[in-house]
Engineer: 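So that we are looking at the same thing, I have put the structure below in structure tokens.
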Amino acid sequence: MDRQKALKATSFHYCAGCGHRTMHRLLAESIDELGIREKVIGIAPVGCAVFAYNYFNFDILEVPHGRPPAAATAIKRVRPDNVVFTYQGDGDLAAIGLSEIVHSAARGENITVLFINNATYGMTGGQMAPTTIMGQVTTTTPEGRNSGSPLKVSEIIASLDTPVFVARGVLDRRDNIELTKNYIKKALEYQVSGKGFTFIEALASCPTDWHKSVSESENWIQSDMSKAFPPGVLLDRMGVI
Ligand SMILES: Cc1ncc(C[n+]2csc(CCOP(=O)(O)OP(=O)(O)O)c2C)c(N)n1
Ligand code: SF4
Ligand SMILES: [Mg+2]
């Protein structure tokens with residue numbers, strides 16, 4: 001009997017209030033509750049979650065910046081009985097890896113993508129990302145973002161014919177966190193039953209690079225970020241929304 005938990009009993013390197021902590025826990029709980037730990041293979045990003053392989057009791061592959069969907073495609077195709085997910089930040093997925101994510105979704109690969117959107121390049125010091133919202137101060141938009149528009153990747157993915165489940169959760173209040181976990185579980189279940197491409201975005205705090213306290217960060221997600229990126233289920237081809 002598989003008694004090992006998906007999350008290792010070790011400390012995270014993440015800053016206080018970082019959304020990656022919450023997302024790691026939700027992912028691990030989902031895997032444990034579905035009883036699929038021994039089948040899971042994860043693909044880690046370049047970004048603050050680059051050390052994700054230190055925290056989980058399953059196999060994790062580390063690949064170059066933005067390339068997790070390409071690696072996940074290859075692994076899932078040669079090992080279709082495994083449950084394969086990517087874990088990617090907004091710099092990784094929405095900037096350098098935009099091509100990989102759009103094409104893997106358009107091909108309808110039977111993988112699960114977890115997209116942690118903290119509206120900045122956390123690891124490299126808080127530069128503007130494609131998901132930086134209007135007016136947001138970053139190290140490269142010191143007066144606040146005042147041109148272009150934030151990329152809504154979930155909406156782009158949901159506009160394609162092939163994905164089966166696309167949802168955007170919010171990692172702030174307990175009820176929203178629970179909802180995000182439900183999305184993750186549903187996405188993994190769809191993959192296990194061979195339904196196809198699933199994509200979960202999570203609006204996540206980066207208190208360090210936002211220069212906010214943990215509670216200020218959670219409030220800002222509600223007051224500003226959730227307005228730019230409306231949460232909820234964007235697409236569910238298999239079930240009830
Ligand atoms: C090919 C390549 N280009 C640029 C970098 C520098 N780099 C490392 S992490 C990162 C951005 C990380 O931001 P994000 O993916 O949003 O992750 P976060 O740290 O915010 O979780 C960049 C640009 C790199 N490592 N490799
Ligand atoms: S810099 Fe931001 S994303 Fe990186 S660990 Fe700290 S809070 Fe998390
Ligand atoms: Mg980021």
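Both counts, for ligands and for their atoms, begin at 1 and track the order of listing. The analysis underlying the following values was restricted to heavy atoms, covering all of them including side chains, and did not include hydrogens, waters or symmetry mates.
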Engineer: Check Asn110, Asn82, Thr112 against Gln191 for a side chain to side chain donor-acceptor pair (under 3.5 Å) and give me the one that passes.
Structural biologist: Thr112
Engineer: Is the distance from the ring center of His20 to that of Phe12 below 6.0 Å?
Structural biologist: no
Engineer: Would you say Ile60 ends up clustered with Val83 if hydrophobic residues are merged whenever their side chains have heavy atoms under 4.5 Å apart, either directly or through other cluster members?
Structural biologist: yes
Engineer: What protein N/O/S atoms are there under 2.8 Å from the Mg ion (ligand 3), waters excluded?
Structural biologist: Asp90 OD1, Asn118 OD1, Thr120 O
Engineer: Whether the Thr73 and Arg107 side chains hold a donor-acceptor pair (N or O, under 3.5 Å, no angle test) is what I'd like checked.
Structural biologist: yes
Engineer: Tally every protein N/O/S atom whose distance to atom 4 (Fe) of ligand 2 is less than 2.8 Å; waters are neither shown nor counted.
Structural biologist: 1
Engineer: What's the shortest heavy-atom distance between Met134 and Pro150, and which atoms?
Structural biologist: SD-CD, 3.8 Å
Engineer: Check Arg67 with Asp92, please: is the shortest side-chain N to carboxylate O separation under 4.0 Å?
Structural biologist: no
Engineer: Going by atom types only, do Thr138 and Thr132 share a side-chain donor-acceptor pair under 3.5 Å?
Structural biologist: no
Engineer: Could you tell me whether the side chains of Glu201 and Asn117 share a donor-acceptor contact shorter than 3.5 Å?
Structural biologist: yes
Engineer: Taking atom CG of Leu235 and atom CD1 of Ile157, what is their separation to the nearest 0.5 Å?
Structural biologist: 10.5 Å
Engineer: Side chain to side chain contact (heavy atoms under 4.5 Å, CB included), that's the test. Do Phe115 and Arg168 meet it? Break it down for me.
Structural biologist: CA-CA 9 Å; Phe115 171 40; Arg168 179 183 286 128; over 6 Å; no
Engineer: Looking at His24, Arg21, Arg25, His13, which one forms a side chain to side chain donor-acceptor pair (under 3.5 Å) with Tyr55?
Structural biologist: His13
Engineer: Locate the shortest heavy-atom distance separating Thr120 from Thr131; write the atom from each residue and the value.
Structural biologist: N-OG1, 4.5 Å
Engineer: Identify, chain by chain and in numerical order, each protein residue with a heavy atom under 4.0 Å from an atom of ligand 1.
Structural biologist: His20, Val46, Gly47, Cys48, His65, Gly89, Asp90, Gly91, Asp92, Ile96, Asn118, Thr120, Tyr121, Gly122, Met123, Thr124
Engineer: Can you list everything that forms a salt bridge (charged side-chain N to carboxylate O under 4.0 Å, His left out) with Glu33? Sequence neighbours excluded, please.
Structural biologist: Lys181, Lys185
